[in-house]
Protein chains: 2
Amino acid sequence: MTTELRADARRNLERVLDAATEAFAASGPDASIDDIARLAGVGHGTVCRRFPTKDDLIYAVIERHVAQMQAMAEEALESEDAGEAFFDFARQVAELSMSTPGLHRCVVHCGSKPGAAELDRLVAKIVSRAQAAGAVRADVQPVDVQLLVRSALTSAPAGQWRRYLDVVLDGLEFRP
Amino acid sequence: MTTELRADARRNLERVLDAATEAFAASGPDASIDDIARLAGVGHGTVCRRFPTKDDLIYAVIERHVAQMQAMAEEALESEDAGEAFFDFARQVAELSMSTPGLHRCVVHCGSKPGAAELDRLVAKIVSRAQAAGAVRADVQPVDVQLLVRSALTSAPAGQWRRYLDVVLDGLEFRP
DNA sequence: CCTGAAACGGACTGATGAGTCCGCTTACGT
DNA sequence: ACGTAAGCGGACTCATCAGTCCGTTTCAGG
């Protein structure tokens with residue numbers, strides 16, 4: 001079987017993923033492969049063999065994050081109150097993202113990779129629904145909402161992001 | 001006189017500044033010194049001699065920009081209506097910044113260099129005044145306002161920044 | 001065991017970009 | 001015109017980092 005990994009290979013793979021998670025959480029996508037390899041206690045050749053590209057590694061690390069966000073999005077779409085669903089969703093995602101700012105920067109770095117496309121689709125739905133319900137201003141596109149929220153989170157000094165998010169979300173509210 | 005430049009030196013200096021302005025406007029602070037030197041038609045040693053550090057060069061290029069912003073700030077401080085002054089000032093600065101997005105990114109890159117400190121002080125005054133007048137929400141600091149506006153401008157896709165700014169400024173308005 | 005395939009790791013390549021150095025050129029005062 | 005100091009430019013150093021290659025080690029099945 002080509003899909004089976006030797007025991008030591010599997011062990012190293014886990015070490016690499018753990019190390020990468022730690023390194024990316026600490027330094028964002030700028031963490032170097034060498035640092036990660038060192039942290040994992042393996043040669044960097046080993047890292048590059050499993051993940052032909054650095055982005056592959058980043059994506060492997062944030063996959064779980066993205067899946068969580070997707071779950072949140074699906075839940076939001078089931079809520080009755082479209083407006084409340086949107087604002088709650090935004091705060092939930094922010095809370096998750098900012099629990100590890102480095103990983104958030106990795107998500108931003110990846111932009112819309114395969115797999116994130118589905119998430120984008122869901123977000124777009126949440127936003128449109130909230131706009132249709134008159135809870136969110138109509139002169140923005142779903143992608144604008146994503147970018148605005150993202151940039152507020154990214155630009156906020158450590159620990160201050162909640163206030164920044166408040167400003168942007170208030171700005172997104174529909175006002176007669 | 002040590003402060004006098006030889007004619008050719010002055011000519012080259014101007015060429016370098018022009019080239020740097022063009023390159024930074026096109027590519028932001030990532031424009032390489034080599035590119036700038038090539039564009040100016042000089043060796044890159046010449047660039048590095050005049051500007052020991054790349055940041056020195058960047059700062060020389062944005063100096064005029066910063067000065068213009070400072071003038072706008074001073075004017076804003078003379079206005080009667082503190083709230084209107086703030087919002088107008090924000091839009092003026094945005095208009096200036098985004099007329100050359102690459103330079104805007106340079107300004108962001110420089111953060112608060114010597115010289116920009118004075119501008120920061122003026123901005124802080126404008127914001128506090130608007131807050132005291134009840135036009136701007138009180139739960140943000142002047143620096144937060146700067147970062148929020150900056151990030152909205154930076155994250156907006158080409159040509160879309162006005163809408164992004166609208167959202168943030170609306171979010172900054174005081175609401176009873 | 002013992003052997004072949006899988007996995008390892010680090011030396012190597014190649015790209016990039018900032019800043020230094022020094023032999024050559026050129027401006028400009030006399 | 002000529003000598004000298006200012007100025008030039010590009011080759012060089014140094015650092016960083018992603019990705020490749022191959023000789024060596026280790027696993028695991030027979």
Side-chain angles (χ1 to χ4, degrees), chain A residues 1-62 102 105-106 108-111 113, chain B residues 1-62 102 105-106 108-111 113:
Chain A
M1 285 246 172
T2 59
T3 50
E4 294 293 346
L5 282 180
R6 234 167 62 177
D8 55 342
R10 167 151 298 287
R11 213 169 36 236
N12 279 336
L13 178 57
E14 259 157 40
R15 277 196 207 156
V16 167
L17 277 175
D18 286 351
T21 303
E22 185 178 332
F24 287 139
S27 320
D30 294 338
S32 78
I33 288 187
D34 294 80
D35 286 344
I36 291 166
R38 212 171 305 123
L39 198 58
V42 304
H44 89 216
T46 300
V47 177
C48 289
R49 199 169 338 104
R50 290 296 162 216
F51 304 95
T53 269
K54 190 182 176 181
D55 282 357
D56 293 334
L57 177 55
I58 295 179
Y59 198 69
V61 165
I62 64 173
R105 284 171 53 203
C106 289
V108 172
H109 168 93
C110 279
K113 271 273 170 76
Chain B
M1 283 246 173
T2 59
T3 50
E4 294 294 345
L5 283 179
R6 232 166 63 175
D8 55 343
R10 166 152 301 286
R11 214 170 34 238
N12 280 336
L13 178 56
E14 259 156 42
R15 276 195 207 157
V16 167
L17 277 175
D18 286 351
T21 303
E22 186 178 333
F24 286 140
S27 320
D30 292 340
S32 77
I33 289 186
D34 294 80
D35 286 344
I36 291 167
R38 211 171 306 125
L39 198 58
V42 304
H44 88 218
T46 301
V47 178
C48 289
R49 198 171 339 103
R50 288 296 162 217
F51 304 95
T53 269
K54 190 181 175 182
D55 281 358
D56 292 335
L57 176 55
I58 294 179
Y59 199 68
V61 165
I62 64 173
R105 285 171 52 204
C106 289
V108 171
H109 169 92
C110 280
K113 270 272 171 78

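Chain A is the first sequence line, chain B the second, and so forth, proteins listed ahead of strands; every chain is numbered from 1.
Computed from coordinates, the Arg6(B) CZ to dC28(C) P distance equals 7 Å when rounded to whole Å. Protein atom CZ of Phe51(B) is 20 Å distant from nucleotide atom P of dG17(C), rounded to whole Å. Atoms NZ (Lys54(A)) and P (dG19(D)) sit 8 Å apart, rounded to a whole Å. Counting to the nearest Å, the C1' atom of dT26(D) and the CZ atom of Arg10(A) are 18 Å from each other. Taking atom CD1 on Ile36(B) and atom P on dG19(C), their separation rounds to 11 Å, with Å as the unit. The interatomic distance linking Asp34(B) (CG) with dA18(C) (C1') rounds to 8 Å, in whole Å. Between Asp35(A) atom CG and dA18(D) atom P there is a gap of 9 Å when expressed in whole angstrom units.
Comparing atom distances between the Asp8(A) side chain and each of dA7(C), dC8(D), dG19(D) picks out dA7(C) as nearest. Set against dA7(C), dG9(C), dC27(D), the side chain of Leu5(A) has dA7(C) as its closest nucleotide. If you check dA7(C), dG19(C), dC8(D) against the side chain of Cys48(B), the one that comes closest is dG19(C). Listed nucleotides dC27(D), dA5(D), dA18(D) differ in distance to Arg11(A); the shortest reach to its side chain belongs to dC27(D).
Dashed line: the shortest gap from a side-chain N or O of Asn12(B) to OP1 or OP2 of dG7(D) is not under 4.0 Å. Contact annotation: Thr53(A) reaches the phosphate of dG19(D) (side-chain N/O to OP1 or OP2, under 4.0 Å). Taking side-chain N and O atoms only, Arg49(B) has no distance below 4.0 Å to OP1 or OP2 of dG7(D).
Between the base of dG9(D) and the side chain of His44(B) there is no donor-acceptor pair shorter than 3.5 Å.
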Kindly indicate, with the supporting measurements, whether the criterion side chain to side chain donor-acceptor pair (under 3.5 Å) is fulfilled by Asp30(A) and Ser27(A).
CA-CA 6 Å; Asp30(A) 294 338; Ser27(A) 320; over 6 Å; no
Stepwise side chain to side chain contact (heavy atoms under 4.5 Å, CB included) test for Val16(A) and Phe51(A)
CA-CA 10 Å; Val16(A) 167; Phe51(A) 304 95; 4.0 Å; yes
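Evaluated for a side-chain contact (heavy atoms from CB on, under 4.5 Å) with Cys48(A), the options Asp56(A), Leu57(A), Ile33(A), Thr53(A) yield exactly one hit, Ile33(A).
Using a 4.0 Å heavy-atom distance criterion, Ser32(B) is classed as a sugar-phosphate-only contact. Across all strands, Arg38(B) comes closer than 4.0 Å to no nucleic acid atom at all (heavy-atom distances).
Here CG of Leu13(A) is found 9.5 Å from CG of Asp18(A). Values are rounded to the nearest 0.5 Å.
Classification of Asp8(B) and Arg11(B) as a salt-bridged pair fails, no side-chain N sitting under 4.0 Å from a carboxylate O.
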